[in-house]
Amino acid sequence: MILYPAIDLKDGQAVRLVHGDMDQTTVFNDDPAAQARAFVDAGCTWLHLVDLNGAFAGTPVNAAPVEAILKACKVPAQLGGGIRDMATIEAWLDKGLARVILGTVAVENPDLVRDAARAFPGQVAVGLDARNGRVATRGWAEETDVMVTGLARSFEDAGIAAIIYTDIMRDGAMKGPNIDATADLARAVSIPVIASGGVSSLADLTALRDTGVIAGAISGRALYDGALDLAAALRVLAEPAPQA
């Protein structure tokens with residue numbers, strides 16, 4: 001199971017929000033590239049980047065810090081936030097991103113997701129962000145009637161690389177991930193599922209790993225606060241899940 005340290009970008013800084021609320025922001029580093037290097041130096045093999053301003057604007061806003069991270073770090077990185085057309089997808093991949101994450105368009109324009117996955121095999125992920133099992137879009141500001149599992153299943157044949165599942169009410173709240181919902185989603189589809197939202201302790205990571213069906217976990221605030229020791233987390237996730 002892969003640990004993806006999260007670098008959420010707002011106004012050029014590395015921040016964390018609570019429940020996706022842009023008014024509940026904590027700045028953790030005003031040099032996101034330095035933060036990324038610190039994660040890589042500690043042994044992380046992937047980076048998870050989010051353009052928070054872009055998620056609300058519908059177009060990339062924090063391009064400069066993302067490019068600085070890509071230049072500073074040689075591990076693969078995935079990015080979500082404001083990526084809503086093929087030109088933007090292609091531009092980001094050309095800049096060296098390993099994977100783009102499509103969230104809002106997965107609901108509003110699923111054909112774009114399919115076209116992108118065909119055009120860029122292995123480089124397109126879908127971000128499903130949910131409240132009470134229903135997908136939220138546009139920086140989590142709009143709640144839909146679309147159910148997470150149904151939408152995920154609709155992409156089974158699309159060739160997407162991964163699903164990043166976020167329980168919005170757990171995100172940034174340090175209350176633990178929604179393990180049952182994440183595992184249920186992972187069992188419902190053949191697409192690799194990455195857990196996001198509330199991952200804040202070694203116990204959380206161990207529980208996710210021990211489901212045996214979750215491909216990765218994203219953690220942000222807990223790594224910045226020191227509640228989750230990065231070296232210990234990487235050791236735990238390198239261990240196989242126990243056999244049922």
Can you find a pair of side-chain heavy atoms, one from [X] and one from [Y], that are under 4.5 Å apart?
| X | Y | answer |
| --- | --- | --- |
| L79 | V100 | no |
| L9 | V15 | no |
| L228 | L205 | yes |
| T182 | V193 | yes |
| V113 | N109 | no |
| R134 | D145 | yes |

Kindly give the heavy-atom pair with the smallest separation between [X] and [Y], and that separation in Å.
| X | Y | answer |
| --- | --- | --- |
| A42 | L234 | O-CD1, 3.5 Å |
| A72 | A33 | CB-CB, 4.3 Å |
| G12 | P65 | CA-CG, 4.1 Å |
| R99 | G122 | CD-O, 4.1 Å |
| A183 | T211 | CB-CG2, 4.1 Å |
| A106 | F155 | O-CZ, 3.6 Å |

Value rounded to 0.5 Å, distance of [atom1] in [X] from [atom2] in [Y]:
| X | Y | atom1 | atom2 | result |
| --- | --- | --- | --- | --- |
| I214 | L237 | CD1 | CG | 11.0 Å |
| F120 | D94 | CZ | CG | 7.0 Å |
| Q35 | L47 | CD | CG | 10.0 Å |
| H48 | S219 | NE2 | OG | 11.0 Å |
| L230 | C44 | CG | SG | 4.0 Å |
| Q123 | I160 | CD | CD1 | 14.0 Å |

| task | Quick one: which residue pairs count as a side chain to side chain donor-acceptor pair (under 3.5 Å) with a foot in residues 51-60, not counting sequence neighbours? | result |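 Sorted result for residues 51-60: D11-N53, D51-N62, N53-N62.
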message: Going by side chain to side chain donor-acceptor pair (under 3.5 Å), name the pairs with one or both residues in residues 226-241, residues two or more places apart or in two chains.
response: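 Pairs touching residues 226-241 that pass the test: R209-E239.
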Any side-chain to backbone donor/acceptor pair from [X] onto [Y]? Under 3.5 Å, distance only.
| X | Y | result |
| --- | --- | --- |
| N29 | D31 | yes |
| R37 | P32 | no |
| E156 | S190 | yes |
| D85 | T88 | yes |
| D204 | S200 | yes |

Discussion item. Closer than 4.0 angstrom, basic N to acidic O: yes or no for D157 and R114?
Written reply: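 Looking at D157 and R114, the cut-off is met.
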query = Just one of D129, V148, N178, L128 clears the side chain to side chain contact (heavy atoms under 4.5 Å, CB included) bar with T166, so which one?
reply =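 It is D129; the other options fail the test.
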Worksheet item: Taking only residues two or more places apart in sequence or in another chain, which ones pass salt bridge (Lys or Arg N to Asp or Glu O under 4.0 Å) with E67?
Response: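 If we apply the salt bridge (Lys or Arg N to Asp or Glu O under 4.0 Å) test to E67, skipping adjacent residues, the hits are K95.
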Linking I/L/V/M/F/W/Y whenever any side-chain heavy atoms sit under 4.5 Å apart, do [X] and [Y] land together?
| X | Y | value |
| --- | --- | --- |
| L208 | I191 | yes |
| M147 | I163 | no |
| V61 | V50 | no |

Nonpolar side-chain network containing Y4, other nodes, edges under 4.5 Å |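 Members besides Y4, by chain and number: I2, W46, I101, I164, I194, I218.
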Residue list, side-chain hydrogen bond (donor to acceptor under 3.5 Å, both in side chains) with D30, at least two apart or on another chain: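 For D30 there are no side-chain hydrogen bond (donor to acceptor under 3.5 Å, both in side chains) partners, ignoring immediate neighbours.
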Practice task
Evaluate side chain to side chain contact (heavy atoms under 4.5 Å, CB included) for F39 paired with L223, printing each intermediate quantity in order.
Solution key: CA-CA 9 Å; F39 285 141; L223 293 174; 4.1 Å; yes
Test of understanding: with ring-ring contact (aromatic ring centres under 6.0 Å, His included), list the residues that count as partners of Y165, not counting sequence neighbours.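 Testing Y165 for ring-ring contact (aromatic ring centres under 6.0 Å, His included), a comparison that skips the adjacent residues, returns none.
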*Would you sort out whether Q78 and L49 count as a side chain to side chain contact (heavy atoms under 4.5 Å, CB included), showing the intermediate values?*
CA-CA 6 Å; Q78 60 186 20; L49 314 178; over 6 Å; no
(Q) Assess the residue pair V66 and L70 against the criterion (side chain to side chain contact (heavy atoms under 4.5 Å, CB included)); give the C-alpha distance rounded to whole Å, side-chain angles, the decisive distance to 0.1 Å, and a yes or no. (A) CA-CA 6 Å; V66 172; L70 295 177; 4.2 Å; yes
Between R221 and T26, is the side chain to side chain contact (heavy atoms under 4.5 Å, CB included) condition met? List the steps. CA-CA 9 Å; R221 179 176 292 274; T26 302; 3.6 Å; yes
